[in-house]
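Let me begin by presenting the structure, written as structure tokens, before commenting on it.
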Amino acid sequence: MALILRLMLCAFLLWPILGQAAVEVRKFDDPVTEQRYRDLTAALRCPKCENQAIDDSESPIAGDMRDRVYLQLQDGRSDKEILDFMVSRFGDYVLYNPRLEGRTLLLWGLPVGLVLLGALVVVLMVRARRRTSVRDLSPEERARLDDLIKRERTE
């Protein structure tokens, strides 16, 4: 029993050290390149994780993607070249903001189209209500209404 308690105490004390071992340290020549690295890793989505950027994902594929971004930045590639490489390797899914292209036009245009369609429906409904005006009763309708009112009073 004492051995188990000692092992648990050691594991408890070593836990923070083990957690720090997973932190990646990257050396950059200038702060601009470091900021570009942060921006790129925040803009790329992990293909394995659901809605998680590669900068805060712990999956192996995200680590590989961070390595590739770092290496390409060190090679002097532009942000566009790096993003193009990632898209060619992993597909458009890795971009949090898909590019405006023919195949993504529906993705970008559908929300705007739905809002415009909704506004059009509202305008048409308001116009239709304004056009329906209260019309006067015909003499026959007026006489029938008076008869009904008189019957109601007598009963």
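When side chains are defined from C-beta on, Val69 does not count as touching Arg36, because their heavy atoms never get closer than 4.5 Å.
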Requested in this report: Could you please spell out the steps behind the side chain to side chain contact (heavy atoms under 4.5 Å, CB included) verdict for Arg77 and Leu73?
Outcome: CA-CA 6 Å; Arg77 300 241 167 92; Leu73 281 172; over 6 Å; no
Query raised in the report: side chain to side chain contact (heavy atoms under 4.5 Å, CB included) between Asp55 and Leu44: does it pass, once the steps are laid out?
Result: CA-CA 8 Å; Asp55 64 347; Leu44 292 168; over 6 Å; no
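Here Leu117 is tied to no hydrophobic group at all, with no ILVMFWY side chain closer than 4.5 Å.
Proximity of a side-chain donor or acceptor of Glu81 to a complementary backbone N or O of Ser78 within less than 3.5 Å is detected. In terms of modelled atom types and a separation under 3.5 Å, the side chain of Ser57 and the main chain of Ala53 share no donor-acceptor contact. Checked by atom type and distance alone, the side chain of Tyr70 never pairs as donor or acceptor with a backbone atom of Met65 at under 3.5 Å. Of the possible donor and acceptor atoms, none in the side chain of Glu141 sits under 3.5 Å from a partner among the backbone N and O of Leu145. Here the side chain of Arg66 pairs a donor or acceptor atom with the backbone of Ile54 at under 3.5 angstrom.
The two residues Leu95 and Arg45 have their closest heavy-atom pair at O-NH2, 3.5 Å.
Rounding to the nearest 0.5 Å gives a distance of 9.5 Å between CD of Gln72 and CG of Leu40. To the nearest 0.5 angstrom, Met86 atom CE is 7.5 Å from Ile82 atom CD1. The CD atom of Gln52 lies 8.0 Å from the CD atom of Glu58; values are rounded to the nearest 0.5 Å.
Contact check on Asp146 versus Lys150 returns no salt bridge, with no Lys/Arg side-chain nitrogen under 4.0 Å from an Asp/Glu carboxylate oxygen. Under a 4.0 Å N-O distance rule, the pair Asp64/Arg89 qualifies as a salt bridge.
Residues satisfying the side chain to side chain donor-acceptor pair (under 3.5 Å) test with Arg38, not counting sequence neighbours, are Glu34.
Applying the ring pair (Phe, Tyr, Trp, His ring centres under 6.0 Å) test to pairs two or more places apart or on separate chains, none has a residue in residues 39-67.
Residues Leu137 and Ile149 share a hydrophobic cluster, clusters being chains of Ile/Leu/Val/Met/Phe/Trp/Tyr side chains in contact below 4.5 Å.
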